[in-house]
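For reference, the structure is listed below as C-alpha cells.
To find a chain, count down the sequence lines: A is the first, B the second, and so on, and within it residues start at 1.
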Amino acid sequence: MSKVIVVTSGKGGVGKTTTSASFSTGLAMRGHKTVVIDFDVGLRNLDLIMGCERRVVYDFVNVINGEATLKQALIRDKAYDNLYILPASQTRDKDAFSKEGVGKVIDELKESFDFIVCDSPAGIERGALMALYFADEALVVTNPEVSSVRDSDRILGILSAKSKRAEDGLDPIKEHLVVTRYSPSRVESGEMLSIDDIQELLGIKLLGIIPESPAVLQASNSGVPVVRDDDSNSGQAYQDLVARFLGEERPMRFMGPEKKGFLQRLFGT
Amino acid sequence: MSILDYLTRNRNKKSASMAKERLQIILAHEHTNDDAPDYLPALKQELLAVVSKYANIDLGDIKVNLDREGGFDILELNITLPENEKKAKAAARR
C-alpha cells in the first residue's frame, strides 16, 4: 500500500522544501521507491534543493493538462534511482489545479511508488489545499517561534476539516510534528520556545527535531539534500526522523546544547 | 554560556515563557471560534450601524458570542449602551 504524505506548515520559510527534499531522499536511501511533488506553482524551488533544476522539461501542470505523460515529466534523482521528482510549473497560474486532475496524477503514482511526498506551498490557498487534500499522513514543519506555531495550529485545523479523508469520513490524517531551526542553547537561556512547549501547544506527536545548522545552507547551495550529509547534526537528525517514520525507535538527539569546555563556557564562543 | 550571558539571563528568561503564554491564549481563543459562522464579523458591523443611529457606541461595546448547548446554537448579543448623556453632563457640571 502506498502512502501520501504532505509536508506543510502554513507559514513560509520554515523549512518545508528542505524537509521534503531530505525526507524523500531519506526514504529512498532506505530502499523505498519514492516520488516528491512540488505543489508551489509559480515559485518552483524543490528542483534547486534536489539539484535537478537543469533537467526539468515538463512539469506537474503539463501532466494534469495531458500535454505530457507522467513518465516524461518525472525526473530521476542522480544519486538514488528509486527517487523521482515531479517539478511544479513555473509559468501557469494556480487554477490549473483541479481536484480531479491532481487526484488522477496521484492515483497513477500510487501504482508504482511506495511513498508520495507532497511539498506544500506556504499559505492556505489552492496549492496548499491541493497538497494536503489527498494526504494519509502529514509532517507539520514548525519553527520555535510564535507566528510559526500559530500557523501550524491553523494548518492542523485545516488538515482535520478539509482533507479527502475528512470528507469521506475515513480515519483522520496522521499528523507528525517536525521542529526545525531549533537552537538548544537559546532554549536553555530561556529565549526560545522549547520542544515541550511546542508539543503542549500543538498537541501532536513529535517526529523529529532539526537543529539550526550551517549545513542546511551549504546543502541547498550545492543542491544535495542535507540528509545525505552524514557528518552534520541536521543530516543525522533527518536520518533519525526518517527511521522513526518507518517505525524504528530512535532516541531524540540534539535537544540539549552541545557540551562545551571550561574556557568556552567562561568566555562564550 | 559565558559570564555575560549569565548576567543577562534573567531578562531573556521571560521571552520564551511570554511567547508560550501568549500562544496559549490566542490558540484557545481561535479554537472557540473554530466553527463559528463567517458572518459574525459582518453581523457585528451591521448591528453597530443600526444601534449607533440611536446611541453613541463603538465596536468594542458589542459582544457577539456563539455557544453550543445540547445540539442548539445560542447566539448571545450584548450591547453596552453609554450612560444617559444628559445625566452624564449634569453629573459633570455638579
Legend entry - Closest heavy-atom pair and its distance - A/Val146, B/Ala19: CG1-CB, 3.6 Å
Legend entry - Steps toward side chain to side chain contact (heavy atoms under 4.5 Å, CB included) verdict (B/Leu23, A/Asp197): CA-CA 10 Å; B/Leu23 278 166; A/Asp197 292 341; over 6 Å; no
Legend entry - Whether over 12 other heavy atoms sit under 6.0 Å from B/Arg22 CZ: no
Legend entry - Where A/Asp153 and B/His31 come nearest, the two heavy atoms and their spacing: OD2-NE2, 2.8 Å
Inset, instruction - Check whether B/Ile26 gets within reach of chain A through its side chain, its backbone, both or neither, counting any heavy atom under 4.5 Å. - result: side chain
Inset, instruction - Specify the closest pair of heavy atoms between A/Gly190 and B/Ser15, including all atoms of both residues, with the distance to one decimal. - result: O-OG, 3.8 Å
Legend entry - Contact listing (chain B partner; residues 158-168 of chain A; heavy atom under 4.5 Å): none
Legend entry - Where A/Leu201 and B/Gln24 come nearest, the two heavy atoms and their spacing: CD2-CG, 3.5 Å
